[in-house]
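Here is the structure we will look at.
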Amino acid sequence: MKENPYQPYVATIEDTWYETVGDRAVKTFKVTLDDPEARKNWSHRPGQCAMVGRLGIGESMFCISCSPTEGDFLRFSVMRAGKNTQGLHEQEVGDKITVRGPYGNSFPLEDWKGKHILTIGGGIGQAPLRPIVEYVKANLDQYAGLTMIYGARTSGDLCFRNEFEEMMKRDDISCHLTIDIEEEGWPYKVGFVPSVLMEVNPSPENTIAITCGPPIMIRFVLENLKKLNFADEQIYTTLENRMKCGFGKCGRCNAGNLYVCKDGPVFSYSTLKNVPEAFA
Amino acid sequence: MNNKPKIGVYVCHCGMNIAKTVDVEAVSEFASRLPYVKVARNYSYMCSDPGQQLIKEDIKNEGLTRVVVASCSPRMHENTFRKTLAAAGLNPYYLEMANIREHCSWVHENREEATAKAKKLVYAAVAKVRLLEPLEEKEVEVEPSALIVGGGIAGIQAALDIAAAGFKVYMVEKTPSVGGKMSQLDKTFPTLDCSACILTPKMVDVASHPNIELMTYSQVEDITGYVGNFNVKVRKKARYVDINKCTGCGACAQECRLAGTIPSEFNMGLGKRAAIYLPFPQAVPAKYTIDKERCLFLTRGKCGKGPKCIEACAAGAINFEQQDEIVEFKVGTIIIATGYELFDPAKKPEYGYADYDNVITGLELERLVAASGPTGGEIVIGKGEKAIVPKEVAFISCVGSRDESVGKPYCSRVCCMYSAKLAHLVTEKLPDANVRIYYMDVRAFGKGYEEFYDRVRREGVRYIRGNPSEIFKRGDKLVIKAEDTLAGRTLEDEVDLVVLATGLEPRQDAREIIDILKLSQSADGFYLEAHPKLAPVDTATDGVYLAGCAQGPKDIPDTVAQAKGAASSALILLSSGKVKVQAQISNINEATCRGCGYCVEICPFGAIDLVEVNRMGNIVQVARVNEALCKGCGACAAGCFSGSAQQKSFKDQQILPQIAVLGAMK
Amino acid sequence: MDNMKLAKEKVGDFLAKLGKERFRVPQETGGSSRFAPLNGESSVDFTLSNTTVPLKSLFYPQTETLYRYEVGETAMKAPGEADEMIIMGVRPCDAKALTIVDRLFSWDPKDPYYLGRREKATIIGLACQEPRVNCFCTSLGGGPASTEGLDILMTDLGESFLFQPLTEKGEKICQEAGDVLVKSEDSDVQAAEKVHKDAASKIVRKIDSEGIPEKLPQLWDSQIWKKTSEPCLGCGACTFLCPTCHCFDIQDEIEGLEGRRYRVWDSCMFKEYTLHTSGHNPRPTRRERTRNRINHKYSYFVDKFGVIACVGCGRCINLCPVNVDILNILSQVKEAL
Amino acid sequence: MADLEKLRAVAKETVSRDDVKYLIGWRQGTYGFRVSPHFITEPEEADKLIFSPLCSNNLATYLTLVEKLPVPRGQEPDTRKIALMVKGCDSRAVVQQLVEQGIKRESVIIIGCPCQGVVDLAKVEEKFPAVLEQVEARWDDGKIVFKLSEGEKAVPREEVLADKCLRCRYPNPVTADTLLWEKVEAESNDEYADVGELEGKAPEERWSFWEAYFSSCIRCYSCRNVCPMCYCEDCILDRLNPTWVNRSNNISENTAFHLARAFHLAGRCIECGECERVCPVNIPLMKLNRKLTKEVREKFEYEPGTDPDSKPLQASYRPNDQENFIL
Amino acid sequence: MSEQFEPNLVAFVCNWCTYAGADLAGTSRIQYPPNLSVIRVMCTGRINPLFVLNALQQGADGVLVSGCHPGDCHYMEGNYYARRRFTLMKDLLEYVGVDPKRFHMSWVSASEGAKWKEVVETTVNEAKEVGPFEQFQRNKINW
Ligand SMILES: Cc1cc2nc3c(=O)[nH]c(=O)nc-3n(C[C@H](O)[C@H](O)[C@H](O)COP(=O)(O)OP(=O)(O)OC[C@H]3O[C@@H](n4cnc5c(N)ncnc54)[C@H](O)[C@@H]3O)c2cc1C
Ligand SMILES: Cc1cc2nc3c(=O)[nH]c(=O)nc-3n(C[C@H](O)[C@H](O)[C@H](O)COP(=O)(O)OP(=O)(O)OC[C@H]3O[C@@H](n4cnc5c(N)ncnc54)[C@H](O)[C@@H]3O)c2cc1C
Ligand code: SF4
Ligand code: SF4
Ligand code: SF4
Ligand code: SF4
Ligand code: SF4
Ligand code: SF4
């Protein structure tokens with residue numbers, strides 16, 4: 001990290017594409033840091049975030065949606081929501097953006113070795129889960145298995161669809177795609193993520209479940225995981241409270257006495273269930 | 001999707017018109033370095049075919065998504081270039097023009113200064129164009145029918161014209177009969193045709209025309225919608241007479257216990273009628289109506305042993321159970337022809353109208369001289385023994401016209417002439433009578449009017465210039481105190497009859513229509529036309545037109561001319577069958593709207609309404625724009641404190657960057 | 001080092017000797033007071049009680065440029081080094097507050113802007129003589145003559161000020177001042193102690209903070225929050241002017257061809273503070289926000305940094321327009337089971 | 001006058017109604033001369049209600065300050081009425097809110113308290129500094145009587161009343177469902193002397209006057225939040241897209257903030273003085289607001305909050321509005 | 001000091017009258033100083049008075065608002081609203097000490113090319129008289 005933690009690195013967009021379209025389109029950016037020294041020193045772990053911005057517009061927090069196992073670049077999947085994200089969406093290959101980080105803790109993937117990994121994502125909430133998937137995929141021999149459940153409102157709202165379809169062809173990964181309502185030509189599941197979870201009916205045995213998505217989805221997924229007899233310690237999620245600095249100064253990201261930027265964003269349910277504000 | 005905008009900037013030489021004063025080369029070079037600009041070119045005539053071709057090619061080859069043309073005024077060529085964009089498959093509203101000719105090269109001489117300013121204007125256009133949004137040009141279908149409110153001569157004429165063109169017309173008349181004021185007149189100036197003779201056939205046509213649905217004794221309750229698609233709600237008031245059964249024989253009225261006791265409106269209270277009545281013999285439809293304010297049965301629940309009218313009516317048309325009926329229908333256009341009212345002379349107590357029976361108004365005299373009137377055309381004042389035939393008759397003009405003291409600064413345009421007409425009729429009927437007219441000026445501007453005025457003077461009517469200051473009684477006579485300003489003396493004039501030429505004023509109930517249609521009033525209170533010269537029959541609301549005295553005082557020829565104008569405007573709309581809706585209209589962000597209703601009040605076109613919406617389970621009030629009514633003035637946007645109302649293509653977020661550029665570039 | 005004394009008529013000399021431009025003193029502008037550079041010839045008015053805007057604004061200004069850039073370029077230029085400051089007339093509670101905020105800003109990673117200024121500042125405190133009604137510093141380990149965070153403690157002895165240097169920085173100032181300062185007598189120190197004691201005895205509002213940090217989390221759903229927050233306006237008066245509040249927002253701003261990214265005070269009492277872009281707000285009403293303000297000061301901060309983030313200056317009580325009174329809330333917390 | 005028993009009785013009766021959500025009045029504050037808005041839902045809470053010369057808060061603010069939580073699906077929103085105690089000036093706020101359709105008349109119950117003027121805390125606290133015990137106050141024949149621990153102290157009203165009250169022309173509620181006691185007489189007139197004084201100065205002096213204040217503003221938004229007429233869900237002055245005023249605190253942004261705020265209140269400010277009262281850095285905001293109220297009254301003969309049937313000033317016009325400044 | 005101060009002025013004008021009037025000045029080759037640049041909106045009713053504040057903040061030394069004469073508004077009422085709004089904004093600016101020479105409003109119809117020139121000249125000359133605007137311009141702030 002830089003000496004002045006507020007000063008970002010300059011990065012160049014190598015590639016960019018739309019994951020989804022519409023008002024709240026999601027655009028993915030693949031970027032590399034300009035400074036070779038910085039590139040060398042940069043290291044992030046799945047689950048961490050970075051502050052990404054455009055000079056003159058502002059910066060916002062995004063999770064780094066790629067795993068370090070993928071290469072010497074960073075990926076962000078940005079949903080258009082307001083001023084900053086709109087500014088980012090305007091950027092194209094070759095354009096410069098600012099990046100600072102990485103921030104926060106990460107998924108304890110080392111500790112999970114030997115376990116079955118189950119990710120349950122909804123909408124843009126798949127972004128923080130993607131690095132886990134990539135990481136586990138790259139080290140599949142070290143894990144007991146990988147199951148993914150991912151859903152969105154419509155097929156147009158699904159991020160990373162191609163990647164999923166690739167994975168669905170593999171028999172060493174179990175992958176379930178779902179959308180909320182029936183659509184013509186949709187070959188996969190239909191229904192809300194929590195119900196698909198019940199349908200998939202994963203065994204809690206030696207499994208870690210990680211979920212991320214809209215608050216309401218998380219609430220029901222947690223309920224259902226309990227029904228499936230997952231212990232609190234087996235369940236992980238990431239919080240996305242509003243942040244400005246990313247390193248514990250600006251104040252706003254706390255959920256109770258937890259600073260999401262430093263203590264999180266990854267939390268086990270056994271921690272969060274005692275924090276009244278966590279699911280507010 | 002908001003990809004990075006790719007802007008093309010095209011600087012026009014306009015031959016030497018621009019290039020002579022502005023260094024177009026430098027401007028396009030400058031533009032090429034501006035943010036988001038992909039290409040910047042200059043060319044001799046951008047509006048020429050090859051010029052436009054240049055833009056089209058760049059849109060295709062360079063993938064431009066926005067275009068700035070720096071050339072002449074957008075008032076000149078905005079449409080040209082919009083079409084260029086459209087032809088190349090780009091939304092036409094992705095265009096912004098920088099006016100470097102009219103606002104720059106033609107008004108500045110110094111090349112350096114002009115070039116600097118041109119750069120500034122181009123930069124401002126670039127700053128804005130980046131944020132423009134695609135807009136859609138919509139068309140709406142027009143319902144092939146018209147509503148006409150008011151069945152005076154104006155409404156009648158308009159209805160007949162539209163019906164003749166083959167469109168359906170709904171005519172709504174408040175009173176039991178069509179005809180309006182004209183039906184009360186005896187003869188009409190300047191040709192002295194008998195009013196009833198020329199009007200009655202038209203009234204009958206209205207009632208019998210297959211395309212016209214006549215609703216008398218009816219009132220418009222509500223109108224919603226917009227040009228081409230108005231939804232109209234009309235209340236047909238209960239007449240307590242089934243008009244399908246009533247034969248108009250009048251037996252009922254003869255039997256009515258109140259027969260001959262109720263002052264007749266038509267006869268200005270000079271004659272009497274029954275509680276069940278036909279306003280006048282030629283009324284259309286010739287159907288009786290029960291006056292529910294007066295009818296004993298309806299007011300007290302009892303009429304002797306039973307309503308006599310019921311017994312009298314052989315057709316069994318009387319039905320005391322009848323209720324108001326609401327009918328709804330759709331029309332594409334509306335003509336307002338609700339006419340006028342007369343100034344109440346009691347507001348000028350010095351003329352003694354309220355005190356003396358022999359001070360009357362012009363319209364009352366019309367009834368007195370009319371053969372069909374209460375006196376059978378005899379000019380007599382008072383009744384029975386006391387009745388006299390006046391010998392000394394004075395007219396006073398401009399009563400309630402051109403008079404600031406009663407808030408009527410305008411000229412009523414008909415009083416001079418109807419005074420002359422009535423004076424003529426008096427001398428005709430009472431050859432011995434001495435008739436004089438007190439006047440301010442005589443306005444005889446119409447075709448044949450000056451001639452008519454001359455004729456009346458030749459017939460011995462005396463014109464005295466001066467406004468009477470007072471009228472009082474001395475014995476049997478009325479004394480008019482006045483100053484003859486031409487002779488320069490004051491006089492006291494003893495007369496038998498004073499006729500006040502009362503002015504025309506807006507109807508008391510004019511607000512009803514204003515509230516329903518959000519029409520505007522001009523300072524005098526009459527409905528306001530869209531433009532006094534160029535759009536005299538139009539209103540601010542598209543598809544709504546004005547005819548007759550509803551728009552302002554006028555005589556019958558003008559009324560009819562305007563009615564035909566309104567009918568023709570309505571017909572243009574009806575026969576084209578489609579109407580274009582503005583694209584650069586306003587829109588409200590319902591998420592931030594605070595429901596204060598400012599925009600609703602402000603909108604000159606009544607295009608905004610407050611509606612209740614569900615905001616996460618809570619019911620809140622927000623404003624909503626009716627796209628077909630909005631004309632894109634943007635007044636709501638500037639008046640909205642919360643910034644929720646925004647005009648497309650002129651949004652705050654599009655204008656602020658322009659300001660930033662113009663402010664920063666010194 | 002010995003205690004020193006500054007005769008009141010020599011205050012001007014003292015300032016001149018050390019260099020006027022280095023000084024920051026309490027000053028009134030408009031209708032309020034804050035620490036600001038000495039302006040021109042004006043001398044210092046030490047009779048002002050605690051400034052409206054707390055001392056923190058010198059170290060952590062309301063608006064602070066993080067770095068500048070030229071529009072379209074990527075080079076970022078952080079502002080230069082902080083100026084040296086001698087801040088004179090600081091009330092002990094404000095100085096103590098700095099020591100609290102220090103913990104946050106030196107939490108890893110360190111905040112270079114704040115700490116840069118901290119390093120270069122010397123703080124000369126002034127013991128309070130007339131505490132205000134809502135002062136309750138003594139309840140939180142402070143006091144009218146508390147020395148925490150000060151380099152020198154100054155006490156008004158009538159004709160002169162007693163200077164008690166507390167740190168190396170403080171001693172250095174005394175040395176630099178040379179003979180403008182004179183050695184104090186033992187009696188002066190005794191007189192000062194009396195002043196301190198008298199002042200402490202004038203503090204009437206009190207709260208026993210014992211147990212509050214532990215208790216607060218248990219009162220999460222208590223009616224206290226609803227009741228005490230009902231009148232709250234959701235403004236920033238209590239937080240902006242609290243010497244220990246430190247939340248900020250980061251924004252970009254462009255003027256002409258120059259741009260900057262800056263931070264600017266933000267308040268947890270604003271509804272936008274935690275508003276998610278989705279429209280979801282984890283603290284949707286003033287109830288949650290009031291609860292967070294108290295919890296943050298009296299519980300979360302204690303968890304993280306071991307101290308209560310309040311020094312009892314009473315500003316939030318004085319300045320709240322609708323009488324949301326932190327002591328009242330705290331005493332309700334104490335009383336609740 | 002100020003019959004507390006009646007006030008409490010009416011309040012009790014009102015909150016007992018099924019169609020009333022809560023009632024807002026005043027209660028003694030936690031110390032000294034302070035008073036706090038009092039929200040009551042239970043009849044017994046009415047015993048704490050007061051009405052005294054200390055009750056400056058304009059409670060009409062709370063009609064528009066409610067933060068509406070999402071209503072869970074299947075549940076009905078709570079549409080019960082809110083009951084509100086109002087002084088003359090406060091009632092003008094309610095009327096102006098009605099004029100702007102910000103609230104619906106049938107959704108509020110207005111309990112009117114004819115008022116003889118409330119104190120300016122700064123004036124009082126200067127006279128009686130450092131008072132911790134809760135002080136009660138009452139009106140007494142041109143004087144304000146404070147009940148201090150050392151006994152009652154009567155002070156002539158001119159010495160302690162808020163400036164707005166010394167020139168108040170609407171001491172009686174303009175609209176009310178219940179009037180608690182007889183009306184009081186209004187001051188004769190308001191000549192806008194304070195505004196006139198500043199107008200009389202040279203432009204540079206005027207600017208340096210305002211510059212000092214504007215630059216000391218901390219943008220805490222207290223003034224805006226307390227204002228009963230500033231009820232935008234999303235005020236443009238702290239919106240970022242588009243940005244009208246940057247977040248940064250300096251003379252440029254602060255001035256823009258103040259002028260825009262004042263302008264948004266032109267023809268709407270009902271002169272309750274709350275903005276000035278709440279400002280923690282004592283910016284004389286009424287001097288700014290009143291300039292516009294004065295112009296609005298003189299040029300457009302409009303007085304906000306006095307006529308529920310009027311059209312808002314900035315949403316109406318007269319064809320003959322004066323225009324002598326137009327080229 | 002040979003360099004004379006050249007003020008930078010921003011004008012907001014309506015499409016139908018003043019913009020057209022300015023166009024007419026152009027077609028008539030009426031010459032006027034180049035210090036003022038125009039932002040076109042459809043109607044004076046669209047001009048948010050806060051634009052004036054913003055222009056002053058962003059670097060304008062003076063601002064002009066111009067539209068149709070009363071009664072001539074293409075949208076009938078827009079200029080009446082504008083007149084009210086700017087009456088108030090003008091008073092407000094003057095009251096806080098912004099020189100009234102920095103803000104003007106005018107009625108210039110589509111046929112008044114010559115009047116447009118006069119208005120521009122007045123606006124420019126008065127801004128010259130009072131010099132650069134510094135009171136609350138953004139770039140006067142030391143970041
Ligand atoms: C840990 C974490 C991870 C995230 N990961 C992702 C991800 O992978 N993909 C993704 O799409 N999104 C992610 N988000 C969400 C993302 O940060 C927001 O969508 C983004 O900040 C929206 O910025 P905006 O400027 O577009 O929105 P706006 O809501 O327009 O906000 C505009 C700017 O103003 C600020 N702002 C607005 N009002 C206020 C106020 N009152 N006070 C202070 N500041 C204000 C905002 O913070 C922002 O800087 C993540 C968020 C967090 C915290
Ligand atoms: C004394 C006098 C003498 C005149 N003499 C002459 C003359 O000799 N020659 C001449 O050219 N002109 C003369 N005029 C002028 C002439 O009367 C008018 O030009 C003409 O009547 C205008 O017709 P109109 O249809 O516009 O209005 P009106 O005749 O007033 O008709 C309006 C109709 O609309 C109806 N109406 C009103 N409101 C509603 C509503 N809300 N809903 C439904 N229906 C409604 C009314 O009941 C009425 O039937 C004279 C006027 C007066 C007063
Ligand atoms: S003026 Fe603005 S806030 Fe008010 S109702 Fe209209 S759109 Fe909504
Ligand atoms: S507690 Fe008081 S000062 Fe703080 S936000 Fe609420 S109203 Fe403002
Ligand atoms: S919380 Fe209140 S009393 Fe405590 S330090 Fe902050 S302002 Fe002072
Ligand atoms: S209350 Fe005072 S300090 Fe706060 S924003 Fe308003 S004027 Fe500024
Ligand atoms: S601006 Fe101030 S005085 Fe006017 S209504 Fe709002 S709070 Fe009251
Ligand atoms: S200042 Fe204006 S935008 Fe902000 S809340 Fe008040 S009225 Fe609304």
Side-chain angles (χ1 to χ4, degrees), chain C residues 28-34 52-53 57 61-65 130-134 202 204-205 226-227 230-241 249 251 253 255 260 262 264-267 269-272 280-281 284-287 315 317-325 327-328 331, chain D residues 22 24 27-32 34-39 56-57 59 61-62 65-70 125 129-132 209-226 233-234 238-240 243 246-250 252-253 274 277-284:
Chain C
E28 293 224 40
T29 22
S32 59
S33 56
R34 63 185 68 206
T52 329
V53 182
S57 69
Q62 180 156 12
T63 307
E64 168 145 48
T65 301
E130 289 297 333
R132 293 178 300 180
V133 268
N134 289 318
K202 286 185 199 159
V204 275
R205 294 202 77 172
K226 177 170 180 292
K227 275 290 164 197
E230 265 166 344
C232 172
L233 301 168
C235 68
C238 53
T239 45
F240 278 9
L241 297 176
D249 184 8
Q251 294 291 339
E253 178 175 313
E255 169 52 43
R260 64 161 167 167
Y262 60 97
V264 53
W265 292 353
D266 201 349
S267 167
M269 300 308 285
F270 292 162
K271 74 163 183 267
E272 295 85 358
H280 171 73
N281 197 337
T285 72
R286 300 188 293 277
R287 167 178 166 267
R315 280 189 182 89
I317 313 179
N318 292 328
L319 297 172
C320 177
V322 291
N323 191 231
V324 174
D325 180 334
L327 282 176
N328 174 44
S331 63
Chain D
Y22 51 78
I24 318 171
R27 65 165 162 74
Q28 201 68 45
T30 56
Y31 68 94
R34 302 288 167 125
V35 155
S36 183
H38 188 34
F39 289 65
S56 2
N57 309 58
L59 306 176
T61 295
Y62 293 103
L65 202 68
V66 259
E67 285 155 315
K68 289 193 179 132
L69 284 174
E125 287 180 342
V131 175
L132 182 65
F209 175 86
W210 287 115
E211 188 184 20
Y213 284 115
F214 290 166
S215 57
S216 68
C217 169
I218 55 167
R219 302 258 294 281
C220 67
Y221 301 123
S222 222
C223 51
R224 179 197 66 194
N225 290 13
V226 82
E233 296 249 325
D234 184 12
D238 57 6
R239 185 176 302 169
L240 291 166
T243 311
N246 280 318
R247 290 266 153 90
S248 55
N249 188 299
N250 52 50
S252 177
E253 308 304 335
E274 283 289 89
R277 180 182 74 81
V278 303
C279 177
V281 295
N282 299 318
I283 300 179

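Only heavy atoms go into these numbers, but all of them, side chains included; no hydrogens, no water, no symmetry mates. First the proteins, then the strands, lettered A, B, ... as listed; each starts at 1.
- Using modelled atom types, one finds a donor on one side chain and an acceptor on the other under 3.5 Å when comparing D:Y31 with C:N134.
- Donor-acceptor pairing under 3.5 Å is lacking for the side chains of C:S32 and D:N282.
- Contact count versus chain C (heavy atoms, under 4.5 Å) is highest, among D:L132, D:N225, D:I218, D:T61, for D:I218.
- With hydrogens and angles ignored, the 3.5 Å screen pairs no side-chain donor or acceptor of D:N249 with any backbone N or O of C:V264.
- Of the two parts of D:Y221, the backbone and the side chain both hold a non-hydrogen atom closer than 4.5 Å to a non-hydrogen atom of chain C.
- C:E272 touches chain D through its side chain: at least one heavy atom from C-beta onward sits under 4.5 Å away, while N, CA, C and O do not.
- A donor-acceptor pair under 3.5 Å is absent between the side-chain atoms of D:S36 and the main chain of D:G29, judged by distance alone.
- Contact annotation for C:T52: only side-chain heavy atoms (C-beta onward) come within less than 4.5 Å of a heavy atom of chain D.
- C:R34 contributes no side-chain N or O that, together with a main-chain N or O of C:T29, makes up a donor-acceptor pair within less than 3.5 Å.
- Only the side chain of C:Q62 comes within less than 4.5 Å of a heavy atom in chain D; its backbone stays farther off.
- For the set D:N246, D:L59, D:V278, the entry with the most heavy-atom pairs within less than 4.5 Å of chain C is D:N246.
- Heavy atoms closer than 4.5 Å to chain D are found in both the backbone and the side chain of C:I317.
- A donor-acceptor pair under 3.5 Å links the side-chain atoms of D:R219 to the main chain of D:S248, judged by distance alone.
- Under the 4.5 Å side-chain criterion, counting only non-hydrogen atoms from C-beta, C:F240 is not in contact with C:C235.
- Interface remark: C:N281 contributes no atoms to any contact with chain D (heavy atom separation under 4.5 Å).
- Only the side chain of C:K227 has a heavy atom closer than 4.5 Å to any heavy atom of chain D.
- Proximity to chain D (any heavy atom under 4.5 Å) is shown, for C:R286, by both the backbone and the side chain.
- Using a 4.5 Å cut-off between heavy atoms, D:L240 contacts chain C through its side chain alone, with no backbone atom that close.
- Within the 4.5 Å cutoff, the side chain of D:E253 has no heavy atoms near those of the C:T63 side chain.
- For D:R34, the part lying under 4.5 angstrom from a heavy atom of chain C is the side chain only.
- Ranked by non-hydrogen atom pairs under 4.5 Å with chain C, the options D:V131, D:L65, D:T243, D:N57 are led by D:L65.
- Paired with C:Y262 under the rule side chain to side chain donor-acceptor pair (under 3.5 Å), one option of C:E64, C:Q251, C:E253 passes, and it is C:E253.
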